[in-house]
Amino acid sequence: MGKSLFFISWALLCCCWTTQAEIFTSIGQMTDLIYTEKELVQSLREYIKAEESKLAAVKSWAKKLDALTRVSTSDPEGYLAHPVNAYKLMKRLNTEWSELESLVLQNPSDGFISNMSIHRQYFPDEEDETGAAKALMRLQDTYQLDSEAFSRGKLPGLHSNAFLTVDDCYDMGKTAYNDADYYHAVLWMQQSLKQLDAGEEAVVSKADILDYLSYSVYQMGDLPRAIELTRRLVAIEPGHQRAGGNLRYFERLLFKQLNELNQAYQPSSEEPIQLGTYSRPKDHLPEREAYEALCRGEGLQMNDKKRSRLFCRYQDGKRNPRLLLKPMKEEDEWDSPHIVRYLDVLSHEEIEKIKELAKPRLARATVRDPKTGVLTTANYRVSKSAWLEGEDDPVIERVNQRIEDITGLTVTTAELLQVANYGVGGQYEPHYDFSRRPFDSTLKVDGNRLATFLNYMSDVEAGGATVFPDFGAAIWPRKGTAVFWYNLFKSGEGDYRTRHAACPVLVGSKWVSNKWIHERGQEFRRPCGLTEVD
């Protein structure tokens with residue numbers, strides 16, 4: 001039995017994992033981990049049967065995971081659609097299974113250890129766990145959710161039994177703290193303390209939580225509260241190595257500030273720390289607030305006057321023979337710049353085939369470094385992508401031809417069909433599709449990216465909109481539809497209004513595919529205008 005499990009595990013992994021690293025960036029690839037974890041549970045149960053009397057603690061662990069994997073394997077993608085489940089999967093496989101392995105090594109069993117060793121090379125690593133934690137914080141910021149909502153699984157329109165324990169919240173806070181992100185460290189350490197004070201059992205001690213929380217609050221500039229929290233820490237653990245020194249330093253600093261301002265001492269607020277207590281630090285993105293508001297469905301610039309200029313129609317591609325009998329349904333999403341949505345572009349079967357072809361090739365999506373021109377990964381683009389050629393499958397060739405028929409633009413000089421799957425909190429912050437850099441070698445051959453054709457290959461329960469901060473538009477994913485816009489004016493100049501973003505996926509798994517259509521070959525299909533902005 002052990003040998004057969006070992007062989008099946010090895011064969012499954014060889015088939016499923018051709019691309020490894022940064023697992024958290026793709027929900028599609030993370031579903032394989034559900035089955036991997038299920039196999040580990042099965043292997044663990046075999047080991048327990050052999051040494052049950054010695055491994056009571058391990059058996060308890062297996063029982064818990066057995067119940068968990070029964071739920072997750074019934075609908076892996078649906079299970080991972082909840083970001084808390086996705087984070088905890090990263091955490092379990094990176095941290096907790098390692099602790100279990102150490103326990104088993106105290107009294108080794110060849111079958112279980114062999115299985116663990118084979119699976120371990122495909123486990124998420126520290127970067128995955130950290131990435132998943134930061135993704136929850138990104139969702140928290142974008143959708144203005146407090147830590148309590150995440151901890152209890154209460155997301156917009158969704159209530160589930162996916163929850164975070166005291167120790168989970170503490171680890172979230174510690175991840176932020178280690179990244180010098182004291183804003184989020186405060187929120188998550190406070191939530192950990194709140195749940196501990198409510199009587200929830202935990203491994204971490206109250207003193208450890210207060211240690212991180214008090215210093216993080218100090219870093220946020222709230223000296224009175226930092227003093228109050230440090231006093232609580234000293235009361236619990238009078239001999240704490242840092243607490244006494246920190247308390248004296250905080251008090252001296254506060255009274256120095258009060259003397260300089262000629263103010264009297266005011267005790268810290270008794271209001272609990274929550275979302276909004278402290279201001280979120282500014283970052284590199286100037287339109288951060290506008291972008292995130294659009295992701296929440298706020299700040300939309302659509303009004304009755306603008307809506308009156310939007311129409312729907314049948315599009316036959318200027319009497320294209322392939323569209324005469326079955327023209328495309330076209331809807332205006334925005335008037336200027338003109339953005340349209342096409343309905344029923346991809347069938348369910350076509351979508352599943354594209355996903356099947358792309359999944360083994362998925363790799364972390366990259367961006368071009370603005371200084372060097374070198375492709376690299378970036379925190380503002382969290383997804384995995386694959387590039388598919390027409391020769392890969394007739395479905396891809398058919399989709400390419402359909403895009404050409406609909407748009408009237410040749411795809412001969414277009415880029416390959418890019419398929420992307422967004423992971424935990426997956427996003428792509430505001431960017432331009434067209435190149436503004438002279439060192440892009442593709443510009444010399446095929447010209448700039450003239451237009452974008454974006455296929456939505458899944459519905460998304462919450463989040464995941466495509467937004468345009470410059471003019472306040474938000475386009476929500478609808479499976480089987482596609483949106484199209486021009487990135488360049490007819491003069492070849494970039495249309496800077498088309499700066500857009502893929503909002504973080506709050507709940508669900510977002511699959512898209514896109515075709516970037518270049519300038520070359522379009523000379524008679526989209527002639528130049530008479531002015532720069534025609």
Side-chain angles (χ1 to χ4, degrees), residues 312-334 337-355 357-358 385-420 433-435 442-457 466 475 478-492 494-495 498 500 511-529 534:
C312 58
R313 64 192 69 82
Y314 284 106
Q315 166 67 271
D316 63 7
K318 296 181 179 178
R319 307 290 293 171
N320 186 294
R322 280 179 288 269
L323 296 178
L324 281 177
L325 294 180
K326 189 180 180 182
M328 298 302 301
K329 302 169 186 173
E330 181 183 275
E331 296 177 349
D332 291 331
E333 287 281 353
W334 205 260
H338 195 205
I339 303 173
V340 296
R341 187 195 293 263
Y342 297 104
L343 310 187
D344 303 321
V345 175
L346 297 178
S347 67
H348 173 74
E349 292 73 21
E350 288 173 328
I351 289 172
E352 291 305 306
K353 186 62 179 179
I354 293 171
K355 288 164 64 175
L357 293 168
S385 61
W387 300 85
L388 302 180
E389 300 184 55
E391 293 79 6
D392 291 332
D393 192 273
V395 166
I396 308 303
E397 186 62 46
R398 191 160 66 240
V399 169
N400 288 340
Q401 183 63 59
R402 191 174 303 151
I403 293 172
E404 181 168 309
D405 293 342
I406 293 171
T407 64
L409 302 172
T410 181
V411 296
T412 305
T413 56
E415 296 175 45
L416 301 180
L417 186 70
Q418 181 183 225
V419 181
D433 278 353
F434 63 88
S435 176
T442 53
L443 294 180
K444 299 175 183 177
V445 180
D446 297 325
N448 214 331
R449 288 173 174 170
L450 173 68
T452 296
F453 194 97
L454 176 64
N455 296 301
Y456 293 117
M457 302 201 303
T466 304
I475 299 174
R478 283 156 53 191
K479 183 178 178 179
T481 69
V483 292
F484 173 77
W485 68 86
Y486 282 102
N487 299 304
L488 307 178
F489 291 110
K490 289 185 177 181
S491 63
D495 187 346
T498 61
H500 61 285
W511 284 88
V512 299
S513 60
N514 66 276
K515 196 78 171 173
W516 281 310
I517 302 171
H518 283 250
E519 293 176 282
R520 295 294 176 263
Q522 321 300 348
E523 291 82 357
F524 298 103
R525 296 172 184 250
R526 195 195 189 218
C528 290
D534 277 354

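Everything numeric here is computed off the predicted structure, so don't read it as measured data.
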Under the side-chain hydrogen bond (donor to acceptor under 3.5 Å, both in side chains) rule, what do Asn448 and Ser435 come out as? Steps first, then yes or no, please. CA-CA 6 Å; Asn448 214 331; Ser435 176; 5.0 Å; no
Is Glu397 reaching over with its side chain to a backbone N or O of Val395, donor-acceptor style, under 3.5 angstrom? no
Going by atom types only, do Thr452 and Tyr486 share a side-chain donor-acceptor pair under 3.5 Å? no
Could you check whether Trp485 and Asn487, counting side-chain N and O atoms only, form a donor-acceptor pair closer than 3.5 Å? yes
Using only atom types and a distance under 3.5 Å, with no angle test, would you say the side chain of His518 pairs donor to acceptor with the backbone of Gly447? yes
Contacts of type salt bridge (charged side-chain N to carboxylate O under 4.0 Å, His left out), residue Asp495, not counting sequence neighbours: Arg497
Yes or no on side-chain contact (heavy atoms from CB on, under 4.5 Å) for Glu333 and His338, after CA distance, side-chain angles and deciding distance? CA-CA 8 Å; Glu333 287 281 353; His338 195 205; over 6 Å; no
Which is it for Glu415 and Arg449 under the salt bridge (Lys or Arg N to Asp or Glu O under 4.0 Å) test, yes or no, and what are the steps along the way? CA-CA 9 Å; Glu415 296 175 45; Arg449 288 173 174 170; 2.7 Å; yes
Can a donor-acceptor pair be found between the side chains of Gln401 and Asp405 at a distance below 3.5 Å? yes
Would you call Arg478 and Leu343 a side-chain contact if the rule is heavy atoms closer than 4.5 Å? yes
Report the residues that fulfil side chain to side chain donor-acceptor pair (under 3.5 Å) with Arg526, sequence neighbours left out, ordered by chain and then residue number. none
With sequence neighbours left out, write down each residue that passes side chain to side chain contact (heavy atoms under 4.5 Å, CB included) with Glu389, or none if nothing qualifies. Glu391, Asp392, Leu416
Using side chain to side chain donor-acceptor pair (under 3.5 Å) as the criterion, list what pairs up with Arg398, not counting sequence neighbours. Glu350
Going by heavy atoms in the side chains, are Ile475 and His500 under 4.5 Å from each other? no
Main chain of Cys312, side chain of Glu331: is a donor-acceptor contact present, judged purely on distance under 3.5 Å? no
I need the minimum non-hydrogen distance between Leu409 and Ala451, along with the two atoms involved. CD1-CB, 4.3 Å
Ignoring hydrogens, what is the shortest heavy-atom contact between Tyr456 and Thr466? Give both atom names and the distance. OH-OG1, 2.7 Å
Taking every heavy atom of Ala358 against every heavy atom of Ala386, the minimum-distance pair comes out as O-CB, 3.7 Å
Within a strict 4.5 Å, meaning less than it, do heavy atoms of the Val345 and Asn455 side chains meet? yes
Would you call Asp393 and Lys353 a side-chain contact if the rule is heavy atoms closer than 4.5 Å? yes
Can you list everything that forms a side chain to side chain donor-acceptor pair (under 3.5 Å) with Gln315? Sequence neighbours excluded, please. Glu330
For the pair Asn514 and Gln418, evaluate side-chain hydrogen bond (donor to acceptor under 3.5 Å, both in side chains) and give the outcome as yes or no after the intermediate values. CA-CA 5 Å; Asn514 66 276; Gln418 181 183 225; 2.9 Å; yes
Nearest heavy-atom approach of Asp344 to Met328 is O-CE, 3.9 Å
With a 4.5 Å limit on heavy-atom distance, are the side chains of Ile339 and Phe484 in contact? no
Kindly indicate whether the side chain of Val419, heavy atoms from C-beta on, has any atom under 4.5 Å from the side chain of Trp511. yes
Does the side-chain contact (heavy atoms from CB on, under 4.5 Å) test come out yes or no for Val340 and Val483, once each step is laid out? CA-CA 6 Å; Val340 296; Val483 292; over 6 Å; no
Under 4.5 Å between any side-chain heavy atoms of Lys329 and Tyr314, yes or no? yes
Contacts of Thr412 that satisfy side chain to side chain contact (heavy atoms under 4.5 Å, CB included) - sequence neighbours left out: Thr410
Output yes when a side-chain donor or acceptor of Asp332 lies under 3.5 Å from a complementary backbone atom of Trp334, and no otherwise. no
Is the closest side-chain heavy-atom distance between Glu519 and Asp446 below 4.5 Å? no
Closest heavy-atom pair, Leu346 versus Ser513, reported as atoms and distance to 0.1 Å, is CD1-OG, 4.4 Å
